[in-house]
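Here, residue 1 is the first one in the sequence, and each next residue gets the next number.
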Amino acid sequence: MKEKKPFVIDILVGIVLVCVGFFVKVDYYSTMIFSMGVGLMVAAIVQIIRITYWQNPKRYTEYEAKKREAYINNVDERKQYLRMKAGHVTYQIMTFSLLILSLILALIRVEAWIIAMIFLLFILQWLVGVIAFHMLEKRM
């Protein structure tokens, strides 16, 4: 039950969102709140089904092997390095993608606030990357 508790809470929050969605008068917001509630409930129910499936005594040894492999993958230095490298490459790709996207939007004369929003996302990503680097550098 300890593993399922967060998902039960998610289901309750989803039920609350669905109920709030029925009482909101603006159609756009009521649909959005209702959809968030349904999505949260369905995701939590799927996770509870997954946990229940793997905790079945028939699959216990397979489940333990899967958990052990996941633990080894989390501790393995090579895989940690590969995850960090993948994050670094993704960071670089997204940085250049945001810059190129803002340039393309400027060339096709999209409204200025849209270009500014994309450029501010680039600035935010850069700042988060620099701050994360300095925090990790101090810790290690």
Participant: Transitively linked via ILVMFWY side-chain contacts under 4.5 Å: Val42 with Val8?
Facilitator: yes

Participant: Taking NZ, NE, NH1 and NH2 as the nitrogens, is one of them in Glu69 or Lys66 under 4.0 Å from a carboxylate oxygen of the other?
Facilitator: no

Participant: Could you list the residues that satisfy side-chain hydrogen bond (donor to acceptor under 3.5 Å, both in side chains) with Arg50, not counting sequence neighbours?
Facilitator: Gln47

Participant: Please report the interatomic distance CG(Leu124) to CE(Met117), rounded to the nearest 0.5 Å.
Facilitator: 12.5 Å

Participant: Which residues pass the salt bridge (Lys or Arg N to Asp or Glu O under 4.0 Å) test with Glu62, sequence neighbours left out?
Facilitator: none

Participant: If you measure from CG on Leu103 to CD1 on Ile118, what distance do you get to the nearest 0.5 Å?
Facilitator: 12.5 Å

Participant: Supply the members, apart from Phe23, of the Ile/Leu/Val/Met/Phe/Trp/Tyr cluster built from side-chain contacts under 4.5 Å; use none for a lone residue.
Facilitator: none

Participant: Which pair of heavy atoms, one from Ile48 and one from Ile11, lies closest together, and at what distance?
Facilitator: CD1-CD1, 3.7 Å

Participant: When clusters are formed by joining ILVMFWY residues with side-chain heavy atoms under 4.5 Å apart, either directly or through shared neighbours, do Val18 and Ile9 land in the same one?
Facilitator: no

Participant: Compare every heavy atom of Gly21 with every heavy atom of Ser30, then report the nearest pair and how far apart it is.
Facilitator: CB-O, 3.1 Å

Participant: For Thr52, give me all partners under side-chain hydrogen bond (donor to acceptor under 3.5 Å, both in side chains), at least two apart in sequence or on another chain.
Facilitator: Lys4

Participant: Return the CD to CD1 distance between Gln55 and Ile51, rounded to the nearest 0.5 Å.
Facilitator: 6.5 Å

Participant: What are the two closest heavy atoms between Ala106 and Ile115, and how far apart are they?
Facilitator: CA-CD1, 3.5 Å

Participant: What pairs with Tyr29 under side chain to side chain contact (heavy atoms under 4.5 Å, CB included), at least two apart in sequence or on another chain?
Facilitator: Val24, Val26, Met32

Participant: Answer whether the closest heavy-atom distance between the side chains of Ile131 and Met135 falls below 4.5 Å.
Facilitator: yes

Participant: Can you list the residues that meet the side chain to side chain contact (heavy atoms under 4.5 Å, CB included) rule with Ile93, with sequence neighbours excluded?
Facilitator: Val89, Ser97

Participant: List in chain and number order the residues that pass side-chain hydrogen bond (donor to acceptor under 3.5 Å, both in side chains) with Glu77, two or more places apart in sequence or in another chain; answer none if no residue qualifies.
Facilitator: none

Participant: Hey, what do you get for CH2 (Trp54) to CD (Glu64), rounding to the nearest 0.5 Å?
Facilitator: 11.5 Å

Participant: What's the spacing between Lys67 NZ and Ile72 CD1 if we round to 0.5 Å?
Facilitator: 13.5 Å

Participant: Can you sort out the partners of Tyr91 under side-chain hydrogen bond (donor to acceptor under 3.5 Å, both in side chains), two or more places apart, ordered by chain and number?
Facilitator: none

Participant: Got a sec, which residues hit side chain to side chain contact (heavy atoms under 4.5 Å, CB included) with Arg78, two or more places apart in sequence or on another chain?
Facilitator: Asp76, Leu82

Participant: Establish whether Ile123 and Leu105 are linked, either directly or via other cluster members, by ILVMFWY side-chain heavy-atom contacts under 4.5 Å.
Facilitator: yes

Participant: Can you tell if the side chain of Met84 reaches within under 4.5 Å of the side chain of His88, non-hydrogen atoms only?
Facilitator: no

Participant: Who pairs with Phe22 by ring pair (Phe, Tyr, Trp, His ring centres under 6.0 Å), at least two apart in sequence or on another chain?
Facilitator: Phe34

Participant: Say you draw a straight line from CZ of Phe7 to CG of Leu40; how long is it, rounded to the nearest 0.5 Å?
Facilitator: 10.5 Å

Participant: Could you list the residues that satisfy side chain to side chain contact (heavy atoms under 4.5 Å, CB included) with Ile100, not counting sequence neighbours?
Facilitator: Ile104

Participant: Between Met94 and Leu127, is there a shared hydrophobic cluster once you connect ILVMFWY residues whose side-chain heavy atoms come closer than 4.5 Å?
Facilitator: no

Participant: Treating Ile, Leu, Val, Met, Phe, Trp and Tyr as nodes and any side-chain heavy-atom pair under 4.5 angstrom as an edge, say whether Tyr63 and Val46 lie in one connected cluster.
Facilitator: no

Participant: How would you list, by chain and number, every residue that makes a ring pair (Phe, Tyr, Trp, His ring centres under 6.0 Å) with Phe122, sequence neighbours excluded?
Facilitator: Phe119

